[in-house]
**Student:** 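Sharing a structure, written as structure tokens. Questions coming.
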Amino acid sequence: MNERQVKHITPKSEDFSRWYQEIIQKAELADYAPMKGMMVIRPYGFAVWENIQHHLDRRIKATGHVNAYFPLFIPESFLQKEAEHVEGFSPEVAWVTAGGKEDLEERLAVRPTSEAIIGPMYAKWIRSWRDLPLLINQWANIVRWEKVTRPFLRTTEFLWQEGHTCHETAEEAEEETLRVLAMYREFVETELAIPVLSGRKTLREKFAGAQMTYALEALMSDGKALQMGTSHNLGQHFSKAFDIKFEDRRQKLQYVWQTSWGMTTRLVGALVMVHGDDAGLRFPPRVAPVQAVIVPISVGDWKTSVLPAARAAADALRAAGIRVLCDAREEATPGWKFAEHEMRGVPLRVEIGPRDVQAGQAVIVRRDTRAKEKAAFEALPVRVASLLDEVQKRLYAEADSFLAANIREARSFEEFREILEKDRGFIRGGWCGEGACEDTIKNATMATIRVIPLDETEPVSGGLCLACGREAKGRPYFARAY
RNA sequence: CGGGGAGUGGCGCAGCCUGGUCAGCGCGCUUGCCUUGGGAGCAAGAGGUCGACGGUUCAAAUCCGUCCUCCCCGACCA
């Protein structure tokens, strides 16, 4: 019993923050690098990111976008062209000032986002309305000099995908912004099994340089919100700054209408915080690095009596397109393996022992419910595939009911504070639309407006602003956020 | 950037107050035997200039000073 404690992680309910850090290291998703705020994404964690990339890239391409790659460095003069953009990012830009032993004539920013290096290129490439829409995405690394960092959630360098598009009209740009938002939502819900709220950001929360920012927000199991992705309508802010013009269908010179949008390695952190439990991770099958682990029960002459059957089962599952691992390590006992793979979030475990071989069957155990069942060897691929679907659905359903149970209404500021104190989660309440009131609430409670639902563009009558008591113009979702 | 905590074999820690067999424990690791249906057991091993630099002293993991790094909690952000 005492020895067990050694490998054990802090229970989630006892100290969520500590649980998060420990599980990330023990499950080998990531490790701290020797530089502040930087981490190494280890193979197991990177496999999750690769699965995310795969599923997202598919959708990005299916909506007509193509991938390209732009430089890591941005000349300072470029970065400064869009005033609000520079202003917003200047505190967190890393600079390159020398090459070898020679100082540079102009400093180079390590991209905190790529608008400022993509803009000038688009200006070169776009001449006519026939060049539009231009729909490019890039997978890249980004550097933002953050003061407070946490593995996956906020690191100095992170990986992401950033889409940058140009359109003929304001309407098309807005459509693109919303199309991507919907695509993101479908992706997060389907692949990551995470339900989200989507909507507009307030002016204070929008991307520096954007005209309008839309976002997805998810609820972590400690009751704090996490932004899962953003889609920005840039209007003509950047096209004017970078002189991206085209001749339209009536032979008139116009600035293009742009969008940009991104999702990051933060999503890996979201998977951990939404689905994890006291025993460790619980990965949704569609992004799990290993979907099913086969544990041969090592007794007696298991290497000759059990192992071949385990290997054959692994081959059969692999042939059925399932990501499977046959854990034939001799140095670990079956019990050890059970606990380890549970901690690492493998959705299904398939146990095969001497008795099973005799009976021509295997024991399948679900990570999410720990339910056990038996399946004949021949039926294994079909049964495992269908159980993976069930686990995926159940994880979503569980997260969805948690989200639903943690969206509350506040009719007064007092009520708002009580909910925050007692339950956290999302709180819907009246807002007059003024930034000052947004600040008042934030300063008093640390909660911010996460999103303003899209179905709510018209003023809502009857409600009052939580901060000033005047008539509310909308009822956004508030929350404390990461 | 403010407040707090911590740097001792791979990991987790004890030792520090009261300098001197204090280089120690557990886990892990290596080798062998034996085991294996929920984190096995025994035996023998390998492994550390005690975060860095400077100072006090006959003597520093221990006392003093400076610096570095990491973590947590806050203000800013994917």
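Throughout, protein chains are lettered first and strands after them, A, B, ... in sequence-line order, and every chain is numbered starting at 1.
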**Student:** What about the rings of A:Phe478 and A:Phe416, do their centers lie closer together than 6.0 Å?
**Tutor:** yes
**Student:** At under 4.0 Å between heavy atoms, what does A:Gly353 touch on the DNA or RNA strands: base, sugar-phosphate, or nothing?
**Tutor:** base
**Student:** Nearest to the A:Pro334 side chain among B:A78, B:G37, B:G39, which nucleotide is it?
**Tutor:** B:G37
**Student:** In whole angstrom, what separates A:Trp145's CH2 from B:C1's P?
**Tutor:** 13 Å
**Student:** Does a side chain donor of either A:Glu174 or A:Tyr214 reach within less than 3.5 Å of an acceptor in the other side chain?
**Tutor:** yes
**Student:** Mind calculating the distance between CD1 (A:Ile297) and P (B:U36) to the nearest angstrom?
**Tutor:** 12 Å
**Student:** Ignoring backbone atoms, establish whether A:Thr333 has a side-chain N or O less than 4.0 Å from OP1 or OP2 of B:G39.
**Tutor:** no
**Student:** Atom CZ of A:Arg370 and atom P of B:G38: how far apart are they, to the nearest Å?
**Tutor:** 14 Å
**Student:** Nearest-nucleotide wise, let me know which of A:Glu205 and A:Val299 is further upstream toward the 5' end of RNA chain B.
**Tutor:** A:Val299
**Student:** Once you round to the nearest 0.5 Å, how far does CZ of A:Arg266 lie from OH of A:Tyr482?
**Tutor:** 10.5 Å
**Student:** Considering every strand and a 4.0 Å limit on heavy-atom distances, what is the contact class for A:Glu351: base, sugar-phosphate, or nothing?
**Tutor:** base
**Student:** Verify the distance criterion only: is there a donor paired with an acceptor across the side chains of A:His164 and A:Ser260 at less than 3.5 Å?
**Tutor:** no
**Student:** Pick the P atom in B:G51 and in B:A14, then give their distance to the nearest Å.
**Tutor:** 13 Å
**Student:** Rounded to whole Å, please give me the gap between NZ in A:Lys337 and C1' in B:G39.
**Tutor:** 12 Å
**Student:** Take atom C1' in B:A40 and the same atom in B:U49, then report the distance between them in whole Å.
**Tutor:** 38 Å
**Student:** For a quick check, tell me whether the side chain of A:Glu342 and the base of B:G38 share a donor-acceptor pair closer than 3.5 Å.
**Tutor:** yes
**Student:** Taking atom types as modelled, find out whether A:Glu176 and A:His65 have a side-chain donor-acceptor pair closer than 3.5 angstrom.
**Tutor:** yes
**Student:** Near A:Arg329 CZ, under 6.0 Å, is it more than 12 heavy atoms from other residues, nucleotides or ligands?
**Tutor:** yes
**Student:** Work out how far the C1' atom of B:A44 is from that of B:C34, and round it to whole angstrom.
**Tutor:** 15 Å
**Student:** Using a heavy-atom cut-off of 4.0 Å across all strands, would you classify A:Arg18 as base, sugar-phosphate, or nothing?
**Tutor:** nothing
**Student:** Using a heavy-atom cut-off of under 4.0 Å over every strand shown, decide if A:Leu153 touches base, sugar-phosphate, or nothing.
**Tutor:** base
**Student:** Distance check needed: B:U30 C1' versus A:Glu330 CD, whole Å only.
**Tutor:** 16 Å
**Student:** Which whole number of Å gives the distance between the C1' atom of B:C76 and that of B:C64?
**Tutor:** 38 Å
**Student:** Taking atom C1' in both B:A78 and B:G24, compute the distance separating them and give it to the nearest angstrom.
**Tutor:** 46 Å
**Student:** For A:Arg450 and A:Thr448, does a side-chain donor sit closer than 3.5 Å to a side-chain acceptor?
**Tutor:** yes
**Student:** Taking the side chain of A:Arg144 as its heavy atoms from C-beta onward, which of B:G38, B:G37, B:A78 lies nearest to it?
**Tutor:** B:A78
**Student:** Which stems, defined as runs of 3 or more consecutive Watson-Crick or G-U wobble pairs with both pairing distances under 3.5 Å, involve RNA chain B?
**Tutor:** B:1-7 with B:68-74, B:10-13 with B:24-27, B:29-33 with B:41-45, B:51-55 with B:63-67
**Student:** Quick one: on RNA chain B, does A:Arg266 or A:Val357 contact a more 5' nucleotide (nearest heavy atom)?
**Tutor:** A:Val357
**Student:** A:Lys26 NZ to B:G28 P: how many Å, rounded?
**Tutor:** 13 Å
**Student:** Taking the same atom, P, in B:A23 and in B:C16, what whole-Å distance lies between them?
**Tutor:** 14 Å
**Student:** Reading nucleotides 71-76 of chain B 5' to 3', which nucleotides get B (base under 4.0 Å from a protein heavy atom), which S (sugar-phosphate only), which -?
**Tutor:** SSSBBS
**Student:** What interatomic distance, in whole Å, is found between P of B:C13 and the corresponding atom of B:G9?
**Tutor:** 12 Å
**Student:** Can you tell me the distance, in whole Å, between the CG atom of A:Asp327 and the P atom of B:G38?
**Tutor:** 16 Å
**Student:** Between atom CE of A:Met343 and atom NZ of A:Lys26, what is the distance when rounded to the nearest 0.5 Å?
**Tutor:** 7.5 Å
**Student:** Tell whether A:Ser298 reaches the base of B:U36 with its side chain through a donor-acceptor pair below 3.5 angstrom.
**Tutor:** yes
**Student:** Taking CH2 in A:Trp145 as the centre, count heavy atoms belonging to other residues, nucleotides or ligands within less than 6.0 Å. Is the count above 12?
**Tutor:** no
**Student:** Show the numbers, then the answer: is there a ring-ring contact (aromatic ring centres under 6.0 Å, His included) between A:His85 and A:Phe238?
**Tutor:** CA-CA 9 Å; A:His85 191 61; A:Phe238 288 87; 4.9 Å; yes
**Student:** If I pick the P atom on B:C25 and the same atom on B:C63, what distance separates them, to the nearest angstrom?
**Tutor:** 23 Å
**Student:** Quick one: A:Trp336 CH2 to B:G39 P, roughly how many Å, whole number?
**Tutor:** 11 Å
**Student:** Using a 4.0 Å heavy-atom cut-off across all strands, classify A:Thr448 as base, sugar-phosphate, or nothing.
**Tutor:** nothing
**Student:** Mind checking what makes salt bridge (charged side-chain N to carboxylate O under 4.0 Å, His left out) contact with A:Arg349, not counting sequence neighbours?
**Tutor:** A:Glu342, A:Glu351
**Student:** For A:Ser231 and A:Thr177, test the side chains for any donor-to-acceptor distance below 3.5 angstrom and give the result as yes or no.
**Tutor:** no
